Protein chains: 2
Amino acid sequence: MVEKSKPATLSDVARLAGVSVATASKALNGRAQVRASTREKVFRSAEALSFIPNPLAQGLLSGQTGTVGLLTSDLEGRFSIPIMMGAEDAFGADSTSVFLCDARGDAIREQHQLRALLSRHVDGLIIVGARPDPRRSLGPDITVPVVYAYAPSDDPEDYSITSDNVHGGRLAAEHLLGIGRRRIGIITGDSGYGAAHDRVTGAAEALHDAGLEPVEAAFFGSWSESWGRGATRILLEGHPEIDGLICGSDQIARGAMDALRELGREIPDDVAVVGHDNWEVLATDARPPLSSIDMDLQELGRRAAEKLFEAIDGRPSHGIEKLPCRLMVRGSTTPTH
Amino acid sequence: MVEKSKPATLSDVARLAGVSVATASKALNGRAQVRASTREKVFRSAEALSFIPNPLAQGLLSGQTGTVGLLTSDLEGRFSIPIMMGAEDAFGADSTSVFLCDARGDAIREQHQLRALLSRHVDGLIIVGARPDPRRSLGPDITVPVVYAYAPSDDPEDYSITSDNVHGGRLAAEHLLGIGRRRIGIITGDSGYGAAHDRVTGAAEALHDAGLEPVEAAFFGSWSESWGRGATRILLEGHPEIDGLICGSDQIARGAMDALRELGREIPDDVAVVGHDNWEVLATDARPPLSSIDMDLQELGRRAAEKLFEAIDGRPSHGIEKLPCRLMVRGSTTPTH
DNA sequence: CTGTTAGCGCCTTCAG
DNA sequence: CTGAAGGCGCTAACAG
């Protein structure tokens, strides 16, 4: 049966070592004023009892709990996850643990979760938005430091870290230019997303720098495969000369690739394709595997965590920081001859 | 600037109400021996100071922290997420908060996270495996209740809840039979997965019950689109008469659908296709949208949380519980005539 | 160097 | 019905 053996406390350790709790505490915490032999003895006792300091007690004293809240609006979505992983990474399990909450995109629920988190005296909060556009700030009267990740806060006093979508668009275009493509089309998602526009802007800038422009103004639609298919057909009807295609998401790119194949175009020899998000399950198994812009979300999560640490430490940042994207090259932009 | 106003403590409330901390405590916790008017006064003071009891202090006393650990091996993967959401649901943010840890499939790391979680005195643990096959038990000497979700524990003394894969396979086959298909093929993933075999078994049973059998022994391979494509070509070469196809995952199904289309088969009129996992991003945007077996993972998470609660409450369960699957019908099995 | 004392915020006896 | 006292596990002053 389950041994309900209460975990050892510091006084157990002290008793076993034949010293007082204070001495034991000092020894274990590496305070200076302890004789080496005593320290040794205490350590052995702690070991023997497999003593783990109770963080509740520590927290009660220090006012810090060693916990942070991660409030996401969209667990289902794949954006929150790598960010969380990055944050977890940066915190390191022993020093800081992460409370996860998902508000499911509901403001009431968010408020609720927030109260719960604060009542647990988290040392800080990371707010992960569901989409890359700005979101409402929680306001300045939250009692703990807050960092906004992915979706920036609309208050410049807050600190936010988000993906540099302009850079991502630029990267895609430069890559296509780099492999000699000159007649480039752009298909992207919902025009209600600022990120969609930013990526187009970046791509257009890169083309412009090369003395080019897109074969036609970017197509906005939805973030779906079917839009990718439909838009590609329309685009190629108007511009059969296209040799490069920038897609606003990997889903769109997958649709586009299907349509291209059905129109008899070889990828990448006739048309090279770049996606966005680097969603592995879609990208790696495409025909050919899809080159894609990676937002480096795990790094984003890591940075968010570091900044939160600094803020907890009394060194807060402000404004919106943009993390550059990376290009993941696969077969869809690697000519075979 | 950030108001570092220390949160109010019980003694603040007591002072404001003009009573002792003991009385304030009793009043707020609804203990009987307090005059109504006093209680009222205390409540108002608490309100005024927006007092929130410090759970650290409470936990220190009671031994319960109101937290549980959710240890997953595979955050990246899509299986952990709905389970976490379900668990979060069941716990409700106020009573219990969830510490999230991802071991990234590394046993050392898992051990590490586990220690961290235990040192935080979580009240219980949910272990979410990365794949539906049994995993090593954490053993009986964990000091808190444990529930295994998705991947069952290999120790029958533990309580595990997992998806009923045999049932899922059966469901897929019965559905195809129900729309009149009789010449049914099965393509599935890695034969190293017990779940792959279970799903095949369930499908074969259902066919057998109808006096049929698969056109050929199930094809095992990998959980990828490319395997779906390749296997479908081989299968149709040997059995061009096929009118129904059961796939072990949605990725395989997507590959299979591509291959079928390229072989000139109409879906679903010539060949109806069922996937497994009901991974929305793949299923809903397929051509036509893909019918799929849903493992109801969110419900699985909810059940895991409930069982954990019971165990914390001193009413532990044992053995492996299997949650039935659900069928999600879409266009790939909805004949158009 | 080591031990004693005093809390952190809260709850629970036990006297008044 | 209310308050004073003790203690949960730990650390930070101070004494010794």
Side-chain angles (χ1 to χ4, degrees), chain A residues 4-46 49-67 94-95 118-123 143, chain B residues 4-43 45-46 49-67 95 118-123 143:
Chain A
K4 282 252 171 216
S5 62
K6 289 269 171 216
T9 75
L10 184 59
S11 57
D12 295 331
V13 175
R15 191 175 324 119
L16 181 61
V19 299
S20 74
V21 282
T23 305
S25 171
K26 285 173 202 154
L28 293 174
N29 294 331
R31 312 314 252 94
Q33 316 90 324
V34 181
R35 200 194 321 170
S37 66
T38 308
R39 186 188 305 278
E40 189 59 32
K41 207 166 37 177
V42 172
F43 265 98
R44 271 205 306 278
S45 308
L49 299 172
S50 53
F51 166 73
I52 312 177
N54 184 333
L56 295 185
Q58 297 184 136
L60 190 53
L61 225 22
S62 68
Q64 302 256 304
T65 54
T67 62
D94 5 66
S95 69
L118 290 176
S119 85
R120 285 202 184 281
H121 290 218
V122 291
D123 296 335
T143 51
Chain B
K4 282 252 170 216
S5 61
K6 288 268 171 217
T9 75
L10 185 59
S11 58
D12 295 331
V13 175
R15 193 175 321 120
L16 181 61
V19 299
S20 75
V21 283
T23 306
S25 171
K26 286 173 201 154
L28 292 174
N29 294 330
R31 315 311 253 97
Q33 318 89 321
V34 180
R35 201 191 323 169
S37 67
T38 308
R39 185 187 306 277
E40 188 60 30
K41 208 165 37 178
V42 172
F43 265 99
S45 308
L49 299 171
S50 55
F51 166 73
I52 312 175
N54 184 333
L56 295 186
Q58 295 185 138
L60 192 52
L61 231 16
S62 67
Q64 301 257 304
T65 54
T67 61
S95 69
L118 290 176
S119 84
R120 285 203 185 280
H121 290 215
V122 292
D123 296 336
T143 52

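Residue numbers begin at 1 in each chain, while the letters A, B, ... track the order of the sequences. For clarity, every value in this text was computed on a predicted model and none was experimentally measured.
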I want to confirm an ordering. Mapping B:Thr23 and A:Asn29 to their closest nucleotides on DNA chain D, which one lands closer to the 5' end?
B:Thr23
Please report the closest heavy-atom contact between B:Pro55 and A:Ser119, naming both atoms and the distance.
CD-O, 2.9 Å
Whole-Å distance, A:Phe51 CZ to D:dG9 P, equals 10 Å
Does the side chain of B:Ser20 get closer than 4.0 angstrom to OP1 or OP2 of D:dG3 through an N or O atom?
yes
Considering every strand and a 4.0 Å limit on heavy-atom distances, what is the contact class for B:Leu10: base, sugar-phosphate, or nothing?
sugar-phosphate
Which of D:dC8, D:dA5, C:dC10 is nearest the side chain of B:Ala22? It is D:dA5
Which of the following nucleotides, D:dG3, D:dC10, C:dC1, is nearest to the side chain of A:Arg35?
C:dC1
When the distance from CD of A:Gln64 to C1' of C:dC8 is rounded to whole Å, what number comes out?
14 Å
Euclidean distance, atom NZ of residue B:Lys41 to atom C1' of D:dC1 [Å, nearest integer]:
12 Å
Does some side-chain heavy atom of B:Val42 sit less than 4.5 Å from a side-chain heavy atom of B:Val34?
no
side-chain contact (heavy atoms from CB on, under 4.5 Å) between A:Thr67 and B:Thr67: does it pass, once the steps are laid out?
CA-CA 12 Å; A:Thr67 62; B:Thr67 61; over 6 Å; no
Could you state the NE2-P distance from A:His121 to C:dC8, rounded to the nearest angstrom?
15 Å
Heavy-atom side-chain proximity of A:Asn54 to A:Thr9 below 4.5 angstrom
no
Is B:Asn54 near enough to C:dC8 that one of its side-chain N or O atoms lies under 4.0 angstrom from OP1 or OP2?
no
For A:Leu60 and B:Ala57 the tightest heavy-atom approach is CD1-CB, 3.9 Å
Would the distance check show the side chain of A:Thr65 and the main-chain N or O of A:His121 forming a donor-acceptor pair, the cut-off being under 3.5 Å?
yes
CZ/B:Arg120 to CD1/A:Ile52 distance, rounded to the nearest 0.5 angstrom?
11.5 Å
OP1 or OP2 of C:dT2 less than 4.0 angstrom from a side-chain nitrogen or oxygen of A:Thr38, does that happen here?
yes
Listed nucleotide nearest any side-chain atom of A:Leu60, set D:dT11, C:dC10, C:dC8:
C:dC8
Can you tell me if B:Ser25 touches the phosphate of C:dC11, counting only side-chain N or O atoms and a distance under 4.0 Å to OP1 or OP2?
yes
Considering just the side-chain nitrogens and oxygens of B:Gln58, establish if one lies under 4.0 Å of OP1 or OP2 belonging to C:dG9.
no
Gap between atoms CG and P, on B:Leu56 and D:dC10 respectively (whole Å):
14 Å
Check the distance between C:dG3's C1' and A:Arg39's CZ and give it to me in whole angstrom.
16 Å
Computed from five pairs at either end and rounded to 10 degrees, the angle between the axes of the helix from C:dC1-D:dG16 to C:dG16-D:dC1 is 50°
Give me, pair by pair, the N or O atoms of the protein and of nucleotides 14-16 of chain D that are less than 3.5 Å apart, along with how far apart they are.
none

Closest approach of B:Arg39 to B:Lys26 (non-hydrogen atoms, all atoms of both residues):
NH1-O, 3.9 Å
Identify which nucleotide among D:dG3, C:dC10, D:dG9 has an atom closest to any side-chain atom of A:Leu61, counting heavy atoms from C-beta outward.
D:dG9
